[in-house]
There are 2 protein chains.
Amino acid sequence: MSEVAATGISVLLVDDHPIVRQGYRRVLESQGDLHVVAEADNAADAYGAFKTHDPDVVMMDISMPGASGLEAIRNIRARSPRARILVFTMHNEAVLVKAAFNAGASGFVTKSSAPSAVVNAIRGVARGERAMSDDIAHVLAEDSLSAGSVLDQLGEREIEILRQFAGGATTEQIAAQLNLSVKTVQNYHYLIKTKTGARTDAQLVRLAASCGLTRI
Amino acid sequence: MSEVAATGISVLLVDDHPIVRQGYRRVLESQGDLHVVAEADNAADAYGAFKTHDPDVVMMDISMPGASGLEAIRNIRARSPRARILVFTMHNEAVLVKAAFNAGASGFVTKSSAPSAVVNAIRGVARGERAMSDDIAHVLAEDSLSAGSVLDQLGEREIEILRQFAGGATTEQIAAQLNLSVKTVQNYHYLIKTKTGARTDAQLVRLAASCGLTRI
DNA sequence: TCCGGCTTGGGAAATTTGCCCGAGCTGCAA
DNA sequence: TTGCAGCTCGGGCAAATTTCCCAAGCCGGA
């Protein structure tokens with residue numbers, strides 16, 4: 001691995017939008033100590049680029065098409081436990097943040113953050129620290145006080161049914177898929193709404209999407 | 001208005017993510033002929049900045065919180081018909097593209113485009129041309145062949161009800177908001193599902209989201 | 001003028017929801 | 001070991017919603 005103090009911090013950028021990557025690249029490289037050594041526009045390429053360039057930090061947008069960003073994190077970390085991954089996204093759901101850290105991320109910064117906060121997060125992650133932007137810290141703080149996230153109160157079965165439902169499946173399809181009676185699926189549906197406080201199906205779909213359970 | 005040939009092209013950046021704006025700014029300014037004269041992070045500020053700086057081109061991400069980006073375009077164009085607005089977003093739904101052009105946009109470029117395509121679009125828009133990225137041209141071409149998008153078959157009232165429904169509003173809330181009977185809203189709900197072919201409410205929400213009608 | 005489409009709602013049958021219940025299972029703790 | 005708690009699974013039943021069908025007013029275009 002490169003000597004951080006001596007040669008600066010090497011960064012692998014992962015984002016599916018080329019101009020966004022180029023923008024980040026310029027912002028980072030204007031800092032002097034940050035060097036973008038490679039880019040990737042999907043989760044699959046990310047690991048290849050990681051192996052080739054062995055960057056100090058992977059800066060990754062986890063809302064990409066194809067494989068989930070969380071999968072990509074797990075993937076990289078499983079094969080290279082020393083990898084430092086900074087998640088960089090517009091989402092700020094506590095569930096997603098926790099999922100990212102559980103998957104092995106070292107930091108989590110939202111795109112709403114000031115550029116200075118982003119580059120400082122990169123430096124922190126490169127030093128082996130855990131880094132997150134202020135808004136994420138607040139979200140997690142709120143979350144820890146409010147006794148866990150929405151999804152934490154759901155059982156495995158409930159989450160699976162919520163995922164399929166939010167994905168557009170009908171009650172019959174879910175019942176057939178999971179070998180349940182329609183009535184049971186209906187009951188779960190009701191239970192999920194009760195537990196999450198969603199008043200309409202649409203709110204449930206949005207909840208699932210904002211928790212990263214489904215992508216739209 | 002500035003003399004494009006003599007002084008370059010002045011650009012107003014509108015995007016709700018500061019680091020994204022800063023990234024774009026650097027990409028644009030590295031071109032030599034493009035100058036970012038102001039930034040705004042919401043639709044309301046965008047018009048203020050437009051009045052103050054009178055830029056040649058407004059480069060705008062229309063997926064921002066608060067007022068719809070389409071509203072912002074209409075707003076600016078209504079007050080300054082000479083304004084050139086280049087929409088720059090990750091969405092590539094034909095409905096949204098057409099809506100943007102109808103609202104008065106001069107160009108539409110997706111974030112998937114190569115940076116060179118983006119800067120060329122800015123130059124084209126500044127010259128008064130209509131500009132769009134290749135993928136958008138393909139989407140519109142497909143759309144014109146496939147006899148219109150899903151949303152095209154919906155009336156204004158239907159779209160408004162779909163938007164509110166997908167946003168999480170209950171039937172009662174929509175009825176109250178629009179001064180309709182609950183029965184009418186229910187009928188619209190059914191009609192929308194029939195017209196769009198959605199079998200569940202969840203599919204409807206996803207449809208609305210994928211058309212840029214709601215954000216999750 | 002007439003036709004077609006949008007908007008607004010009524011009606012009635014079919015279906016789903018909301019909420020209650022019980023039963024089997026598992027893990028955990030006293 | 002017993003017992004409790006929580007998950008999973010489904011029945012029951014009244015209330016609500018959905019699904020269609022229909023009608024009437026309005027407006028713009030042929």
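Chain letters run A, B, ... following the sequence lines, proteins first, then strands; residues in each count from 1. Any value given below was found using the heavy atoms of this structure, including those in side chains, with hydrogens, waters and symmetry copies removed.
Applying the side-chain contact (heavy atoms from CB on, under 4.5 Å) test to B:Ser133 and every residue at least two apart in sequence or in another chain returns B:Val109, B:Thr110, B:Ser113, B:Asp135, B:Ile136. For A:Gln164, the side chain to side chain donor-acceptor pair (under 3.5 Å) partners at least two apart in sequence or on another chain are A:Glu160. Partners of B:Glu39 according to the salt bridge (Lys or Arg N to Asp or Glu O under 4.0 Å) rule, which considers only residues two or more places apart in sequence or in another chain, are B:Arg21, B:Arg25. Every salt bridge (Lys or Arg N to Asp or Glu O under 4.0 Å) that A:Arg123 has, sequence neighbours left out, goes to A:Asp33. Under the salt bridge (Lys or Arg N to Asp or Glu O under 4.0 Å) criterion, B:Arg157 pairs with no residue at all, not counting sequence neighbours. In this structure A:Gln186 satisfies the side chain to side chain donor-acceptor pair (under 3.5 Å) test with no other residue, sequence neighbours excluded.
Listed by first and then second residue, the ring pair (Phe, Tyr, Trp, His ring centres under 6.0 Å) pairs that reach into residues 175-206 of chain A are A:Phe165-A:His189, sequence neighbours excluded. The salt bridge (Lys or Arg N to Asp or Glu O under 4.0 Å) pairs that include a residue from residues 182-194 of chain A are A:Lys193-A:Asp201, where partners are two or more places apart or lie in different chains.
Counting to the nearest Å, the P atom of C:dA13 and the OH atom of B:Tyr190 are 17 Å from each other. Regarding A:Leu204, its CG atom lies at a distance of 11 Å from the P atom of C:dT17, rounded to whole Å.
Rounded to the nearest 0.5 angstrom, B:Ser10 OG and B:Ile122 CD1 are separated by 11.0 Å.
The terminal axes of the helix from C:dT1-D:dA30 to C:dA30-D:dT1, fitted over 5 pairs per end, subtend an angle of 30° to the nearest 10°.
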Side-chain donor-acceptor distances from residues 171-179 of chain B under 3.5 Å, at least two apart:
from	atom 1	to	atom 2	distance (Å)
B:Gln173	OE1	B:Thr170	N	2.9

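Heavy-atom contacts of chain A under 4.0 Å fall on DNA chain D between two terminal nucleotides, which in 5' to 3' order are D:dT8 to D:dC13.
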Could you run through nucleotides 3-9 of chain C and give me one letter per nucleotide, 5' to 3': B if any protein heavy atom sits under 4.0 Å from the base, S if only the sugar-phosphate is that close, - if neither? ---SSBB
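No engagement by B:Glu160 is indicated, since no non-hydrogen atom pair under 4.0 Å with the nucleic acid exists.
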